[in-house]
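No hydrogens, no waters, no symmetry mates; every other heavy atom, side chains included, goes into these values.
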Amino acid sequence: MNLLRLELPARFQDYGLLILRLAFGFSMIYGHGYGKLTRLFGSEEIRFADPFGLGPATSLALAVFAEVICALLVMAGLFTRAATIPLMITMATAFFTAHFNDEFGQQEKVILFGFTFLALFFTGPGRFSLDAQMQKNKTYIEKKPLNQPIH
């Protein structure tokens, strides 16, 4: 049945990747990273899980780096694949240390975030990203003859 097969132009994949990056990056920052960021720079004593024995403050700082800085990079599509790695590590750590014995409803968010960042690692950010813009500029610069100035 061709009626049920919706065919879209290939460029629409880039729109899908943009929406995915913006939605999951923003949700990570707003729902998880911002609260940790305010806790990290707040005046109260830092209490945070320390699964790697680095100390609660260092563990919290690493979580903030992933959930705020790396999520912003994913949203911008800048160093996207590299930025997803700390996010995946953070989600795997949260799953195995905080949510492993929880019911699926409690595990669901960390699973969705983790696999979304894994998918973005494999797909890359798409055409509407700073990574793509930098690659385009790099290709342009590499194609310029050596005796012509770069504009």
Side-chain angles (χ1 to χ4, degrees), residues 1-42 48-49 51-52 54 58-146 148-151:
M1 290 188 112
N2 287 338
L3 182 63
L4 297 179
R5 287 185 44 185
L6 292 175
E7 299 282 336
L8 295 174
R11 71 179 185 277
F12 279 51
Q13 291 178 356
D14 294 308
Y15 292 110
L17 290 170
L18 174 64
I19 292 166
L20 197 68
R21 286 189 355 255
L22 293 175
F24 275 83
F26 176 79
S27 295
M28 178 58 69
I29 294 167
Y30 186 74
H32 304 279
Y34 181 74
K36 290 178 180 78
L37 180 68
T38 57
R39 193 176 345 160
L40 180 65
F41 292 107
F48 193 73
F52 301 111
L54 301 172
T58 301
S59 295
L60 179 59
L62 288 171
V64 167
F65 171 74
E67 295 179 5
V68 176
I69 304 301
C70 291
L72 280 170
L73 290 172
V74 167
M75 289 178 70
L78 181 62
F79 311 121
T80 307
R81 286 190 168 111
T84 61
I85 294 169
L87 285 160
M88 289 185 289
I89 292 169
T90 302
M91 294 303 97
T93 302
F95 179 80
F96 287 110
T97 61
H99 299 291
F100 188 73
N101 293 319
D102 291 349
E103 293 181 16
F104 179 75
Q106 295 296 314
Q107 296 173 334
E108 185 175 13
K109 278 195 284 189
V110 74
I111 290 169
L112 289 173
F113 276 114
F115 280 103
T116 297
F117 295 127
L118 179 63
L120 286 170
F121 177 81
F122 285 117
T123 63
R127 185 176 55 166
F128 304 118
S129 65
L130 292 176
D131 285 342
Q133 189 63 40
M134 288 178 6
Q135 185 62 35
K136 186 172 117 181
N137 289 342
K138 179 182 171 194
T139 303
Y140 173 76
I141 290 169
E142 288 174 354
K143 289 183 178 180
K144 292 288 285 183
L146 292 176
Q148 291 187 2
I150 298 172
H151 298 286

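Counting all heavy atoms, side chain and backbone alike, L40 lies closest to A61 at CD2-CA, 4.0 Å. Of all the heavy atoms in F24 and L112, the pair that sits closest is CE2-O, 4.0 Å. Of all heavy-atom pairs between F113 and S27, the closest is CZ-CB, 3.9 Å. Closest non-hydrogen pair, R127 versus A132, comes out as O-CB, 3.3 Å. The minimum heavy-atom distance between A49 and S59, with the atom names listed, is O-CB, 3.3 Å. Contact between A94 and V110 at its shortest, heavy atoms only, is CB-CG2, 3.8 Å.
Legend: residues meeting side-chain contact (heavy atoms from CB on, under 4.5 Å) with F104, ordered by chain and number and at least two apart, are Q107, E108, I111.
Residue Y34 places its OH atom among 12 or fewer non-hydrogen atoms of other residues, nucleotides or ligands, all under 6.0 Å distant. The environment of F12 atom CZ is dense: over 12 non-hydrogen atoms of other residues, nucleotides or ligands sit within 6.0 angstrom.
Relative ring orientation between F128 and Y15 is described as tilted, the plane-to-plane angle lying within the 30° to 60° band.
Annotation: the span from F65 atom CZ to T58 atom OG1 amounts to 14.0 Å, rounded to 0.5 Å. Atoms CG and CG, from L60 and L37 in turn, are 9.0 Å apart once rounded to the nearest 0.5 Å. Taking CG of L22 as the start and CG of L17 as the end, the distance is 11.0 Å to the nearest 0.5 Å. Annotation: the span from T116 atom OG1 to L20 atom CG amounts to 5.5 Å, rounded to 0.5 Å. Between L118 atom CG and T123 atom OG1 the span is 9.5 Å, to the nearest 0.5 Å. Note that NE2 of H32 is 6.5 Å distant from CE of M91, once rounded to the nearest 0.5 Å.
Here salt bridge (charged side-chain N to carboxylate O under 4.0 Å, His left out) pairs that include residues 61-87, with residues two or more places apart or in two chains, are K36-E67.
When atom types are taken as modelled, the side chain of D131 and the backbone of G124 share no donor-acceptor pair closer than 3.5 angstrom.
At a threshold of 4.5 Å between non-hydrogen side-chain atoms, the residues F52 and T93 count as touching.
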